[in-house]
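Quick notes on the structure that follows.
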Number of protein chains: 2
Amino acid sequence: MGELREQLRDMTDCGLPQALEVMGERWSFLILRAAFNGFIHFEEFSSELGIARNILSNRLGRLVEHGVLTREPCAVDKRKIEYRLTPKGVDLLPAMLALRQWGEKHGVNVDPELVLVDAANGQPVAPIAIHADDGRELGWHDLAWQKREDVGKGGPGCC
Amino acid sequence: MGELREQLRDMTDCGLPQALEVMGERWSFLILRAAFNGFIHFEEFSSELGIARNILSNRLGRLVEHGVLTREPCAVDKRKIEYRLTPKGVDLLPAMLALRQWGEKHGVNVDPELVLVDAANGQPVAPIAIHADDGRELGWHDLAWQKREDVGKGGPGCC
DNA sequence: AACATAGGTAGCGATTCGAAACCAGTTGTT
DNA sequence: AACAACTGGTTTCGAATCGCTACCTATGTT
């Protein structure tokens, strides 16, 4: 990834620690997956994920706190709470899908019955990849770090 | 995401639990990031990440065990060990970058000094997204689950 | 030989997890 | 109105994990 080494310690310089702060705890991603699959109630998450109630309560609270989910009492049955994805939560879909595709590609005994397809034509979605601005797919060695103020000045051989 | 609900409990039916089994513990993703940035030695990971030695030892062993990193004694200095990414590890780059981009977009106080660019022309890489087979970008509501044996039979209105 | 370095391991308090029991507010039933 | 059942929690407490420090062993340096 080029000769410029990132400063890994500086939290403000990389979004990864921030993302992990929100999504890095156990169950968080599985709760998110359940949310993407249409589950909205506490009992649904609990029974489908088999997670302890206190942990689920903690994680849902955390996701709400960080703006990934909203928490609203159900209008028709005030015992129920509706947890729904925010736009910020929906933005996690590429990351979740990439992780999932990696698990399916490299995991053992993964044989998914269901395939994620383009609803418009029923064709499976493409594997998540890194693309240049113009759409070319980029691999690890096509990438480099560049100071923000220098962006655009690079070229072949810059790394 | 359509009316077909996934079976969330069945481990063999989804790669996400498998991915989280490997990468879901604390520090694993940050170690991976360090590896992508060229760090290969125990002491480098330790000092750059500020992680306790026993935990680091545990995580590195786990990543090696799962085939994300290789562990080889350094030829020139046999005290040193070289931890290097395997192809399976490199395959995690889109997932890591997607997570990171999410953190940068939605986190607080994220102001990265360095930008990931296409080394060929110095232009920033595109945000990670979900694409159809033909390259169209797809959003959450463009997606559906389909039984594997039915793939290709879908079409407008199938959901 | 003496010392420093690299990569771990061991011990131990602090935190977190997780199973089960309990609780409060709402809804359904009689 | 009385009572049971349901929903979304909180509390409790033992087990596992985290993380800091000290220590250990093999190798390299002087």
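The sequence lines fix the lettering, A, B, ..., with proteins before strands; numbering per chain opens at 1.
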According to a strict under-4.0 Å criterion, is B:H41 in side-chain N/O contact with OP1 or OP2 of C:dA6?
no
Side chains of B:V125 and A:D133: closer than 4.5 Å at any heavy-atom pair?
no
Would you mind reading off the distance between B:I55 atom CD1 and C:dG13 atom P, rounded to a whole angstrom?
17 Å
Walk me through whether B:L114 and A:R148 qualify under side-chain contact (heavy atoms from CB on, under 4.5 Å).
CA-CA 6 Å; B:L114 294 180; A:R148 199 176 19 175; over 6 Å; no
Note, B:P17 side chain near A:R100 side chain (heavy atom, < 4.5 Å):
no
Whole Å only: how far is the CG atom of A:L56 from the P atom of C:dA19?
12 Å
When the distance from CZ of A:F42 to C1' of C:dT26 is rounded to whole Å, what number comes out?
17 Å
Basic-acidic side-chain contact under 4.0 Å: B:R136, B:D142:
no
Using heavy atoms and a sub-4.0 Å distance, could you list which residues of residues 77-85 of chain B are near DNA chain D? By number, please.
B:D77, B:K78, B:R79
Considering only NZ, NE, NH1 and NH2 on the basic side and carboxylate oxygens on the acidic side, decide whether B:E43 and B:R53 come within less than 4.0 Å.
yes
Rounding to an integer number of Å, can you tell me how far B:R53 CZ sits from D:dG19 P?
15 Å
Partner set under salt bridge (Lys or Arg N to Asp or Glu O under 4.0 Å) for A:D91, not counting sequence neighbours
B:K105
Backbone N/O of A:W102 and side chain of A:H106: donor-acceptor pair under 3.5 Å:
no
Looking at B:R59, does any N or O in its side chain come under 4.0 Å of the phosphate oxygens OP1/OP2 on D:dG19?
no
Mind calculating the distance between CZ (B:R26) and C1' (C:dT15) to the nearest angstrom?
10 Å
Whole angstrom is fine here: how far is it from CG in B:L49 over to P in D:dC20?
13 Å
Walking DNA chain C from its 5' end, the first of B:N54 and A:W27 to be reached, judged by nearest nucleotide, is B:N54
Separation of atom CD1 in A:I51 from atom C1' in C:dT16, rounded to whole Å
13 Å
Rounded distance in Å - CG (A:L60) to P (D:dG9):
7 Å
Looking only at side-chain N and O atoms, does A:S46 come under 4.0 Å of OP1 or OP2 in D:dG8?
no
